[in-house]
Amino acid sequence: RVQLVESGGGSVQAGGSLRLSCAASSYTRGGFCMGWFRQPPGKEREGVAVVDIDGRSTYAESVKGRFTISRDIAPGNAKATLYLQMNSLKPEDTAMYYCAAALSPKCHPRWADDYGMDYWGKGALVTVSS
């Protein structure tokens, strides 16, 4: 079973930056697709970015050019840390951000609609003020 724990959330003014981290335990079997999702207040959860086993990343249009997803894998694939560097933050980026992992090396084509993710963290709150 994969456990995901997010950290790094907080409050920032518009134009500022934050970096989220997600510690993944039991990162085995060669690795798998991991990603970030967010749920703004009063809205549905939406995909932000994913990265697959080959390191190929995909972003939602709303964050392209501002957010960067990256991943560090410990030797032996026992643990991994997923990051989300968020720059030029806007008030509309305010949301609970969730880390997720799929039991598949490739990300589902409809990842942005929550398809294919098997494990979820509890979330980290990001608040951007204008």
Side-chain angles (χ1 to χ4, degrees):
R1 190 183 191 291
V2 178
Q3 290 183 315
L4 305 171
V5 180
E6 301 96 337
S7 61
S11 298
V12 66
Q13 288 192 323
S17 299
L18 280 175
R19 188 174 83 153
L20 300 179
S21 300
C22 171
S25 64
S26 304
Y27 186 83
T28 57
R29 307 197 307 178
F32 32 72
C33 168
M34 296 184 72
W36 290 97
F37 294 73
R38 67 185 182 185
Q39 186 167 18
K43 296 184 178 181
E44 297 287 319
R45 188 164 61 193
E46 60 186 21
V48 175
V50 291
V51 57
D52 67 17
I53 186 60
D54 297 322
R56 186 164 40 226
S57 55
T58 309
Y59 296 88
E61 286 295 325
S62 59
V63 305
K64 276 184 180 178
R66 300 188 299 123
F67 290 13
T68 302
I69 189 171
S70 61
R71 182 177 59 190
D72 286 338
I73 302 173
N77 285 346
K79 293 185 179 181
T81 305
L82 186 71
Y83 301 99
L84 185 68
Q85 177 65 43
M86 303 183 291
N87 299 326
S88 302
L89 282 161
K90 305 175 182 179
E92 51 264 43
D93 294 319
T94 293
M96 185 70 79
Y97 283 72
Y98 297 93
C99 174
L103 290 174
S104 170
K106 297 293 185 180
C107 301
H108 194 285
R110 293 185 60 183
W111 63 271
D113 295 322
D114 279 12
Y115 277 67
M117 293 299 174
D118 299 294
Y119 298 102
W120 295 85
K122 293 185 177 181
L125 182 62
V126 172
T127 303
V128 184
S129 58
S130 57

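None of these values were measured; they are calculated from a predicted model. Numbers here simply count residues along the sequence, with the first being 1.
Residues A60 and G47 approach most closely at CB-O, 3.4 Å, considering heavy atoms. The two residues A14 and P91 come nearest to each other via the heavy atoms CB-CD, 4.1 Å. Among all heavy-atom pairs drawn from E6 and A124, the shortest one is CB-CB, 4.0 Å. Of all the heavy atoms in L4 and A24, the pair that sits closest is CD2-CB, 3.5 Å.
In this structure, A23 has no side chain to side chain contact (heavy atoms under 4.5 Å, CB included) partners at least two apart in sequence or on a different chain. Not counting sequence neighbours, the partners of S70 by the side chain to side chain contact (heavy atoms under 4.5 Å, CB included) test are Y83.
Between L20 and M86, some side-chain heavy-atom pair lies under the 4.5 Å cut-off. Counting heavy atoms from C-beta outward, S21 and S7 have side chains that approach closer than 4.5 Å. The side-chain heavy atoms of H108 and M117, taken from C-beta on, include no pair separated by under 4.5 Å. Residues F67 and L89 meet the side-chain proximity criterion, which asks for heavy atoms closer than 4.5 Å.
Between the CG atom in D52 and the OG1 atom in T58 there is a gap of 7.0 Å [rounded to 0.5 Å]. In this structure, CG in N87 is found 9.0 Å from CZ in R66, a value given to the nearest 0.5 Å. Here M34 contributes atom CE and S57 contributes atom OG; the two are 14.0 Å apart, rounded to the nearest 0.5 Å. Here the NZ atom belonging to K79 is positioned 10.0 Å from the CD atom belonging to Q3, to the nearest 0.5 angstrom. Rounding to the nearest 0.5 Å gives a distance of 9.0 Å between CD of Q13 and OG of S130. One distance of note links SG of C33 with CZ of R71; it measures 8.0 Å at 0.5 Å rounding.
The hydrophobic clustering, which links ILVMFWY residues whose side-chain heavy atoms are closer than 4.5 Å, places W111 and Y59 apart. Residue M96 is not grouped with residue W36 when hydrophobic side chains (ILVMFWY) are merged at heavy-atom distances under 4.5 angstrom, including chains of intermediate members. Linking ILVMFWY side-chain heavy atoms closer than 4.5 Å, directly or via other members, places V63 and V50 in two distinct hydrophobic clusters. A single hydrophobic cluster is seen to contain both V51 and V48, as judged by linkage of ILVMFWY side chains at heavy-atom distances under 4.5 Å, directly or through other members.
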Without placing hydrogens or testing angles, list every side-chain donor-acceptor pair under 3.5 Å for residues 38-46, not counting sequence neighbours.
unit_1: R38; atom_1: NE; unit_2: E46; atom_2: OE2; d: 2.7
unit_1: R38; atom_1: NH1; unit_2: D93; atom_2: OD1; d: 2.9
unit_1: R38; atom_1: NH1; unit_2: Y97; atom_2: OH; d: 2.9
unit_1: R38; atom_1: NH2; unit_2: E46; atom_2: OE2; d: 3.2
unit_1: R38; atom_1: NH2; unit_2: S62; atom_2: OG; d: 3.4
unit_1: Q39; atom_1: NE2; unit_2: K43; atom_2: O; d: 3.0
unit_1: R45; atom_1: NE; unit_2: D114; atom_2: OD2; d: 3.0
unit_1: R45; atom_1: NH2; unit_2: D114; atom_2: OD2; d: 2.8

For side-chain contact (heavy atoms from CB on, under 4.5 Å), just list the numbers for F32 and V2, CA-CA rounded to whole Å, side-chain angles, deciding distance to a tenth of an Å, and then say yes or no. CA-CA 11 Å; F32 32 72; V2 178; 3.7 Å; yes
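In this structure, the side chain of T127 does not engage the main chain of T94 through any donor-acceptor pair within 3.5 Å. Distance alone, capped at 3.5 Å, places no donor-acceptor pair between the T68 side chain and the Q85 backbone.
Y98 and W120 have perpendicular rings, their planes meeting at more than 60° on a 0 to 90° scale where under 30° would count as parallel.
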